[in-house]
Amino acid sequence: MVTDLAPTLLGMIPGDVAVLAVTPSGAGAPHAALLHGVGCRVGPLAEVVEAAARLQASRSPRWVWWSAEAGASPLVDAGVPVARAWDVAEAHRLLNGGWSATAGECWAAAHGIPLDGVPAAPTGDLFEFAADTPAADPDSVVDRAGYLRGDADQWLRDPAHLQAWAQAALETAHLQHDAAAATSVRLVGTVLSESAAAVLCLELWRDGLPIDRARTEQLLAAAVGPRPTSDAEEAASRRARDEAVLRHVPGRESTDLRNPAQVREMLLAVGVDVPNTRKWVLEPYRTVHPVVDALLTWRRDERIATTYGYRWLDAHVGPDDRLRGRWTACDGAAGRMTAENGLHNLPAVLRPGVAAHQGHVFVRADLGQIEPRVLAVVSGDPAFAAATRADDLYAPVAARLGVERAVAKIAVLAAMYGQRSGAAGEALKGLEQAYPVAMDLLERAAAAGRRGEPLRTYGGRVIPTGRFLAASPVGADLALDAARGRFARNAIIQGAAAELFKAWAATVRATTRDLGAQVVLCLHDELLVHAPAEHAAEVAARVDRALDDAARRWAGGAPVRFVADTSVIARWSDAKE
DNA sequence: CGGTGAACGTA
DNA sequence: CGTACGTTCACCGA
C-alpha cells in the first residue's frame with residue numbers, strides 16, 4: 001500500500017527524513033509503515049524492512065522512530081547500517097529529564113499538554129467504564145483531549161493505522177526539534193548523538209562481547225572450583241567455601257555468612273567490633289584476626305560464584321562465544337550508558353577471558369583524565385583549558401598551585417565531587433584563586449542542587465534533582481542538602497563526559513564499520529573495538545581521529561585537548577593499568 | 001510475592 | 001570512601 005502524504009509536516013528536522021513505525025510486539029503479524037518524502041509504504045514487516053534497507057543504502061536518511069527499541073530493532077536485526085536517527089524517546093529524556101518515555105508521554109510533552117493526563121493502556125478492568133477520558137474516534141490517533149489514544153497497542157493491530165502512528169512520531173520529532181533548537185544550539189546535536197548511541201546499544205546486544213570460553217572456565221575454576229555436575233556437588237562446594245571461614249571461629253560454625261547481622265555478631269565474639277561489615281571497614285582488621293582475612297577472601301569468591309559463575313556463563317554467553325546484555329543509552333541521573341549481565345562490572349580477574357576471536361584483535365582506547373578536561377570545556381575557564389594541553393593535566397595545575405601533583409589531583413577531584421575527607425582544604429583555596437571560572441561553575445551547580453532546582457548538562461540534557469526532594473522544607477536537613485550539592489557537582493561533569501563519550505563511540509562506529517570492525521564494549525571512558533587483525537592499525541588510527549572529530553564538534557572549538565590511550569591487544573587484560 | 005537495604009563489582 | 005549503575009542475598013511485610 002502506497003499513499004500520498006500532504007508534505008506540510010515535513011522539513012523541520014533538517015535533512016532527508018524517513019520514519020519507521022512498527023506494530024507493537026504481541027499484536028499479531030508484525031507490520032510496519034515507512035514514510036519518506038511524500039510517500040508512505042505499509043506492509044508486512046519483512047517487506048518494509050527490505051525497502052528501508054534500500055533507502056538506507058541509497059539515501060542514508062535521518063530515521064525517526066518512537067524509540068530505537070521499537071523502530072530500529074528490525075533494521076539492526078537485519079544488519080542494516082543505520083547512520084542517522086532522531087529517537088523520540090531519547091529526545092524526550094534529554095528535553096524533560098527522567099526515564100519514562102512512552103509514545104503517549106513523548107507526544108504530550110512535545111505538545112505541551114500535562115503529562116499526568118496521559119491515558120493509560122486499557123487493562124480490561126470493569127472499572128474502566130468509570131474513567132472520564134473521552135473515547136477516541138475509531139480512526140484517529142489522538143483522543144478528544146488531544147492525547148495519543150491510550151489503547152494504541154490494540155488499535156495498531158490494524159495495519160491501516162500504522163501510517164497515522166508514523167506521522168504522529170514525525171510530528172512529535174519536529175516539535176521536539178523546535179523545542180531543542182529554542183533551548184540551546186547544542187541540544188539538537190545532543191539528540192542526534194544520543195539517538196545514534198541508542199542504535200549502537202542495539203548493535204552491542206546483537207553482536208555481543210567476544211569471550212574465550214575455555215579460558216573463562218579456567219578462571220572460574222581457580223576462584224570457585226570445578227564446574228559442579230549436580231545440585232549436590234554445588235551445595236558441597238558452597239559448604240567447603242563456608243568452612244574455610246568458619247573453622248576460624250570454633251563454636252560459631254552455624255553463622256550464616258550471607259547474613260550481615262550474624263557476621264557482625266561473629267566478629268564481635270572474636271573481639272572485632274565494627275559498625276558494619278563492609279570491605280573497607282574490615283580491611284584494617286585483616287591482620288587482627290584470621291577470620292577477617294578469610295571472610296574477605298570468601299566474599300570475593302562468593303561474588304564470582306553467585307554473580308559471575310558457571311550459571312552466568314551459560315545464561316549470557318551464546319553458542320557463538322559472545323557475552324550479551326541489554327544496553328541503555330542514557331539511564332538515570334548520570335546520563336551514562338548502562339549494561340546488564342555483568343558487561344559493566346565484570347571483575348578484573350575475569351578479564352583475561354574477554355578475548356578477540358580468530359583472525360581478530362581488540363582495539364582498546366580509554367580517555368585520559370576525561371573529567372577535568374570536560375570541566376575545562378563546560379566552564380570555559382581559559383586557565384584550566386590551558387592546563388589540558390599537557391598529557392598529564394595535573395602537572396601544570398600542581399605547578400600553578402605550588403603543591404605536589406598528588407595534592408593537586410585530590411583537590412581537583414574534591415572540587416568536582418564535593419569530597420570532604422582528606423587534606424584537600426588548602427589546595428582547594430588555591431584552585432579558587434587559579435581557576436575561578438571553573439570553580440564558580442561547580443559551586444553554582446552545587447547551590448542549584450541544594451535548592452532542588454533542575455540542572456542542565458553542557459549538551460543541554462535536563463537533570464532533575466527533584467527526586468531527592470523530601471517532604472521537609474528546604475534547608476531543614478543539612479545532610480540532605482549537602483548530598484544534593486555533591487550530586488549536582490558530579491552530575492554536570494559525569495553527564496557532560498558521557499555526552500562526549502557517546503559522540504566518540506558513535507563516530508568510531510560510523511568510521512570503522514567499512515573495515516569490518518564492531519564496537520563491542522562501552523565502559524564510560526573506555527571503548528573496545530573488535531576488528532579484523534589486518535586492519536588493526538587503521539582502526540586504531542581511526543579511533544584516535546574519531547576522538548579529535550567528536551571532541552571538536554562537541555566542544556564547539558573550545559581550546560581543550562582530549563587524549564586517548566589506544567592499543568591493539570588480544571585480551572582485555574593485556575591493557576596496561 | 002514485591003520492596004528494601006547490605007554488600008560489592010565496574011567507571 | 002565523591003558519584004553513578006547492576007546483581008545477588010536475606011529480611012520484611014503482605
Side-chain angles (χ1 to χ4, degrees), chain A residues 99 209 223 238 242 255-264 274-284 295-309 311-312 315-316 323 325-351 354 366-372 374-375 409-424 428 442 445-446 449 455 457 463 465 467-468 482-498 501 521-528 572-573 575 577:
Chain A
W99 170 250
L209 179 67
R238 178 173 148 140
D242 293 2
T255 303
D256 181 355
L257 296 175
R258 293 159 191 83
N259 182 329
Q262 287 190 31
V263 170
R264 186 164 168 252
V274 283
N276 60 61
T277 71
R278 290 191 159 94
K279 189 181 174 183
W280 56 89
V281 173
L282 289 180
E283 202 69 49
L295 176 68
L296 291 175
T297 302
W298 176 89
R299 284 244 179 95
R300 190 197 65 206
D301 293 343
E302 182 72 2
R303 166 76 38 186
I304 290 180
T306 56
T307 307
Y308 305 105
R311 201 172 290 114
W312 163 81
H316 304 303
L323 169 61
R326 306 301 310 202
W327 291 74
T328 60
C330 183
D331 201 4
R336 288 170 156 187
M337 296 172 76
T338 65
E340 297 181 345
N341 300 339
L343 282 158
H344 265 182
N345 36 16
L346 196 69
V349 292
L350 294 183
R351 287 188 179 193
V354 178
D366 76 294
L367 301 176
Q369 304 169 336
I370 181 177
E371 282 157 353
V374 159
L375 173 60
K409 179 175 177 177
I410 288 172
V412 170
L413 294 177
M416 287 192 297
Y417 305 146
Q419 183 184 321
R420 297 151 301 173
S421 58
L428 264 174
L442 292 166
L455 304 157
T457 63
I463 305 167
T465 56
R467 69 195 187 97
F468 287 118
R484 285 192 298 215
R486 287 197 302 274
F487 166 77
R489 279 176 191 272
N490 185 264
I492 61 165
I493 300 301
Q494 285 213 349
F501 178 83
L521 190 70
C522 294
L523 197 46
H524 308 316
D525 64 353
E526 180 176 357
L527 268 181
L528 215 49
W572 195 12
S573 50
E577 289 160 340

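Just so we're clear, the structure is a prediction, and the values are computed from it rather than from any experiment. Below, chain A is the first sequence line, B the second, and so on; all start at residue 1.
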A.B. asks: Flag the pair Cys330(A) / Met337(A) as yes when at least one side-chain heavy-atom distance between them is below 4.5 Å, and no otherwise.
C.D. replies: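 Sidechains of Met337(A) and Cys330(A): no contact.
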A.B. asks: Considering residues at least two apart in sequence or located in another chain, which fulfil the side chain to side chain contact (heavy atoms under 4.5 Å, CB included) criterion with Asn341(A)?
C.D. replies: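 Here the qualifying residues are His316(A).
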A.B. asks: Quickly work out the Arg264(A) CZ to dC11(C) P distance and round it to whole Å.
C.D. replies: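 My rounded result for the distance is 16 Å.
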A.B. asks: With Glu283(A), which residues qualify under salt bridge (charged side-chain N to carboxylate O under 4.0 Å, His left out), at least two apart?
C.D. replies: Arg286(A)
A.B. asks: Nearest-Å distance, CG (Leu375(A)) to P (dG2(C))?
C.D. replies: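 Rounded to the whole Å, the gap is 19 Å.
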A.B. asks: Using atom CZ of Arg351(A) as one end and atom P of dG9(B) as the other, report the distance to the nearest whole Å.
C.D. replies: 13 Å
A.B. asks: What residues from residues 336-346 of chain A pass a heavy-atom cutoff of under 4.0 Å to DNA chain B?
C.D. replies: Arg336(A), His344(A), Asn345(A), Leu346(A)
A.B. asks: Do side-chain atoms of Arg264(A) reach the backbone of Val274(A) as a donor and acceptor pair under 3.5 angstrom?
C.D. replies: yes
A.B. asks: Backbone N or O of Thr255(A) within a donor-acceptor pair of the Gln262(A) side chain at under 3.5 Å?
C.D. replies: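 A pair under 3.5 Å: no.
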A.B. asks: Classify Arg299(A) by what it touches in the nucleic acid, base, sugar-phosphate, or nothing, heavy-atom distance under 4.0 Å.
C.D. replies: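 Sugar-phosphate, no base atom in range.
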A.B. asks: Please tabulate, one pair per line, each protein N/O and nucleotide N/O from nucleotides 3-6 of chain B that are separated by under 3.5 Å, including the distance.
C.D. replies:
none

A.B. asks: What do you reckon, do Trp280(A) and the base of dC1(C) stack, with centroid distance below 5.5 Å and planes below 30°?
C.D. replies: yes
A.B. asks: Measure the distance from CG on Leu257(A) to C1' on dC9(C) and round it to the nearest whole Å.
C.D. replies: 13 Å
A.B. asks: Would you give the length of the straight line joining atom CG of Asp301(A) to atom CZ of Arg238(A), rounded to the nearest 0.5 angstrom?
C.D. replies: 14.0 Å
A.B. asks: Once you measure the plane-to-plane angle for His524(A) and His344(A), does it fall in the parallel (<30°), tilted (30-60°) or perpendicular (>60°) bin?
C.D. replies: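 If you compare the ring of His524(A) with that of His344(A), the planes turn out tilted.
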A.B. asks: Can you tell me how far P of dC1(C) sits from CG of Leu413(A), to the nearest Å?
C.D. replies: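 Those two atoms, CG and P, are 17 Å apart.
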A.B. asks: Atom CH2 of Trp312(A) and atom P of dT10(B): how far apart are they, to the nearest Å?
C.D. replies: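 Rounding to the nearest Å, CH2 of Trp312(A) and P of dT10(B) are 13 Å apart.
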A.B. asks: Under the salt bridge (charged side-chain N to carboxylate O under 4.0 Å, His left out) test, which residues partner Asp242(A), sequence neighbours left out?
C.D. replies: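 Partners of Asp242(A) under the salt bridge (charged side-chain N to carboxylate O under 4.0 Å, His left out) test: Arg258(A).
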A.B. asks: Looking for any heavy atom pair under 4.0 Å, which part of the strands does Arg258(A) touch: base, sugar-phosphate only, or nothing?
C.D. replies: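 Result for Arg258(A) = sugar-phosphate.
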A.B. asks: Base, sugar-phosphate alone, or nothing: which one does Arg326(A) contact when heavy atoms must sit under 4.0 Å apart?
C.D. replies: nothing
A.B. asks: Side-chain N or O of Lys279(A) less than 4.0 angstrom from OP1 or OP2 on dC1(C)?
C.D. replies: no
A.B. asks: Base, sugar-phosphate alone, or nothing: which one does Ala491(A) contact when heavy atoms must sit under 4.0 Å apart?
C.D. replies: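 Counting heavy atoms under 4.0 Å across all strands, no contact is made by Ala491(A).
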A.B. asks: Report the distance from atom CG of Leu523(A) to atom P of dG6(C), rounded to the nearest whole Å.
C.D. replies: 13 Å
A.B. asks: According to salt bridge (charged side-chain N to carboxylate O under 4.0 Å, His left out), who are the partners of Glu526(A), at least two apart in sequence or on a separate chain?
C.D. replies: Arg364(A)
A.B. asks: If only atom types and distance count, is the side chain of Tyr308(A) paired as donor or acceptor with the main-chain N or O of Leu350(A) below 3.5 Å?
C.D. replies: no
A.B. asks: Report the residue (Arg238(A) or Asp331(A)) whose heavy-atom-nearest nucleotide on DNA chain C is the more 5′ of the two.
C.D. replies: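 Result: Asp331(A).
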A.B. asks: Measure the distance from CH2 on Trp99(A) to C1' on dA4(C) and round it to the nearest whole Å.
C.D. replies: 15 Å
A.B. asks: For Thr306(A) and Gln494(A), take the nucleotide of DNA chain C holding the closest heavy atom to each; which residue's nucleotide lies nearer the 5' end?
C.D. replies: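 Nearest-nucleotide comparison on DNA chain C picks Gln494(A).
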